[in-house]
Protein chains: 2
Amino acid sequence: MRTIDTPVWLTAEQQQVWRTYLGATNRVRQHLDNELRQFDLDLGEYEILVRLSEAPYRSIRMSELADQVGQSRSRLTHTVTRLETKKLLARGSCPGDRRGVLATLTDEGYAFLEEVAPYHVASVREILVDPVCAEDFAALGRVMQSVLDADLPTEA
Amino acid sequence: MRTIDTPVWLTAEQQQVWRTYLGATNRVRQHLDNELRQFDLDLGEYEILVRLSEAPYRSIRMSELADQVGQSRSRLTHTVTRLETKKLLARGSCPGDRRGVLATLTDEGYAFLEEVAPYHVASVREILVDPVCAEDFAALGRVMQSVLDADLPTEA
DNA sequence: CCAAATAAGTTGAACTCTCAACTGTTGCTG
DNA sequence: CAGCAACAGTTGAGAGTTCAACTTATTTGG
């Protein structure tokens, strides 16, 4: 939505930041996926395992999990099916709501995550934490929080 | 790579920033893709058109274009094939190097881009520019530039 | 307390992306 | 200048994602 006063274009500086943003976020994702590849995982799968590992009973409902990792329900269904085949997690029924499905990290999945995590954390450091000075890193946190907090005109 | 002195885990603050980063970058991408969807484009395709529109003769070599938009050559081939089918761009041969292929934005592609761009820019504003204060936005630029500049141990 | 609306999750087909193999071209090196 | 390595781009198969349709269960409201 544009009102009469909002300019159509970005300033040169804004555009510069925006392009850098595109390139850098791309690079971050590629680096992490690359490093996770030796474990036959991608970032999306890794996030699922992490969320489960932190949850009570290492279990989360499908739709709640989908929200947490920002994936569509359909995509989560497919991905969870794959991870289930690898025995990293299991599906169960959801107490109190027979529609629900509970995804649970297996012991094997937990052990696997313990193995992978240090490498992943190292990748995050390499690509995002180490290259950035402390003040700017804090600012990054604020920026990203603002993005999450913003309620968009279009979806209101 | 970890040396003896780098800690395995992130601090609570670092982890907080990291998670916020994951959620927010996800949201940004989803918002932009969502808004571009009404034009039957995704962000990757849009970027291709923009780069071409800015280049001399509205033309760029495939491999150069792949670098600019951060896509693999293979992916670019497929995407360009699709965009070519839509008549938004055309392939030509590359003067001076018979291996090369030159992608060129058609007039139709240019006109289409002119139509789409204002909506896209508005989306970028909504999701990233407007919610963030000026200083933090500048810091975001520095952060992203650092990520691009960082040379990674693993790829050295 | 029943009917309709909403919610949770899955399914399969169409589409996109990845990966490795392949063709043709250019550059290098002895 | 012959031979070989590296480069540019494409291809097709396999893997992953999206989208809309569908099933089953819960909630809502008349």
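The sequence lines fix the lettering, A, B, ..., with proteins before strands; numbering per chain opens at 1.
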Exercise for the section: Identify which one of A:Thr79, A:Thr81, A:Thr85 satisfies the side chain to side chain contact (heavy atoms under 4.5 Å, CB included) criterion when paired with A:Leu83. Expected result: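 The residue from A:Thr79, A:Thr81, A:Thr85 that satisfies side chain to side chain contact (heavy atoms under 4.5 Å, CB included) with A:Leu83 turns out to be A:Thr79.
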If only atom types and distance count, is the side chain of [X] paired as donor or acceptor with the main-chain N or O of [Y] below 3.5 Å?
{"X": "A:Thr106", "Y": "A:Lys87", "answer": "yes"}
{"X": "B:Arg91", "Y": "B:Val101", "answer": "no"}
{"X": "A:Asp42", "Y": "A:Leu36", "answer": "no"}
{"X": "A:Arg73", "Y": "A:Asp67", "answer": "no"}

Problem - Test: A:Arg58 and A:Asp107 ion pair at under 4.0 Å - result: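 So A:Arg58 pairs with A:Asp107 through a salt bridge.
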Atom-to-atom span, [atom1] of [X] to [atom2] of [N] - whole angstrom:
{"X": "B:Leu41", "N": "C:dC15", "atom1": "CG", "atom2": "P", "value": "16 Å"}
{"X": "B:Asp40", "N": "C:dT16", "atom1": "CG", "atom2": "C1'", "value": "14 Å"}
{"X": "A:Ile60", "N": "C:dG9", "atom1": "CD1", "atom2": "C1'", "value": "16 Å"}
{"X": "B:Gln71", "N": "C:dC19", "atom1": "CD", "atom2": "C1'", "value": "16 Å"}
{"X": "B:Met62", "N": "C:dT25", "atom1": "CE", "atom2": "P", "value": "17 Å"}
{"X": "B:His78", "N": "C:dC19", "atom1": "NE2", "atom2": "C1'", "value": "10 Å"}
{"X": "A:Arg99", "N": "C:dA8", "atom1": "CZ", "atom2": "C1'", "value": "6 Å"}
{"X": "A:Asp33", "N": "C:dC17", "atom1": "CG", "atom2": "P", "value": "14 Å"}

Handout entry: Test item: A:Leu49 and A:Val116 side chains (from C-beta on) under 4.5 Å apart, heavy atoms
Key =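 Heavy-atom side-chain distance check fails, nothing below 4.5 Å.
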Problem - Close side-chain approach of B:Leu41 and B:Lys86, heavy atoms under 4.5 Å - result: yes
Exercise for the section: Consider only side-chain heavy atoms of I, L, V, M, F, W and Y, link residues closer than 4.5 Å, and tell whether B:Phe137 and A:Trp18 are in one cluster. Expected result: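 Yes, because B:Phe137 and A:Trp18 connect within a single hydrophobic cluster, where side-chain heavy atoms sit under 4.5 Å apart.
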Handout entry: Single-linkage hydrophobic cluster, 4.5 Å side-chain cutoff, A:Phe112 and B:Trp9 together
Key = yes
Exercise for the section: Check DNA chain C against residues 79-91 of chain A and give the residues with a non-hydrogen atom under 4.0 Å, in numerical order. Expected result: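 Of all residues in residues 79-91 of chain A, the ones placing a heavy atom under 4.0 Å from DNA chain C are A:Arg91.
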Phosphate oxygens OP1/OP2 of [N]: is one of them under 4.0 Å from a side-chain N or O of [X]?
{"X": "A:Ser63", "N": "C:dG9", "answer": "yes"}
{"X": "A:Arg37", "N": "C:dC19", "answer": "yes"}
{"X": "B:Arg75", "N": "C:dC17", "answer": "yes"}

Exercise for the section: Answer yes or no: does atom CZ of B:Arg29 have more than 12 heavy-atom neighbours from other residues, nucleotides or ligands under 6.0 Å? Expected result: no
Practice task
Using the heavy-atom set of chain B and a strict 4.0 Å cut-off, write down the first and last nucleotide of DNA chain D that makes it in, 5' to 3'.
Solution key: D:dC7 to D:dC19
Handout entry: Aromatic centroids of B:Tyr46 and B:Phe39 separated by under 6.0 Å
Key =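 No; B:Tyr46 has its ring centre 6.0 Å or more from that of B:Phe39.
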Completion exercise
Of A:Glu64 and B:Asp42, the one whose closest nucleotide on DNA chain C sits nearer the 5' end is A:Glu64
Show the distances under 3.5 angstrom between N or O atoms of the protein and N or O atoms of nucleotides 21-23 of chain C.
none

Problem - Residue whose nearest DNA chain D nucleotide is more 5′ - A:Gly96 or B:Ser74 - result: B:Ser74
Fill in the blank from the handout: Per nearest nucleotide of DNA chain D, the residue lying toward the 5' end, A:Ser72 or A:Asp97, is A:Ser72
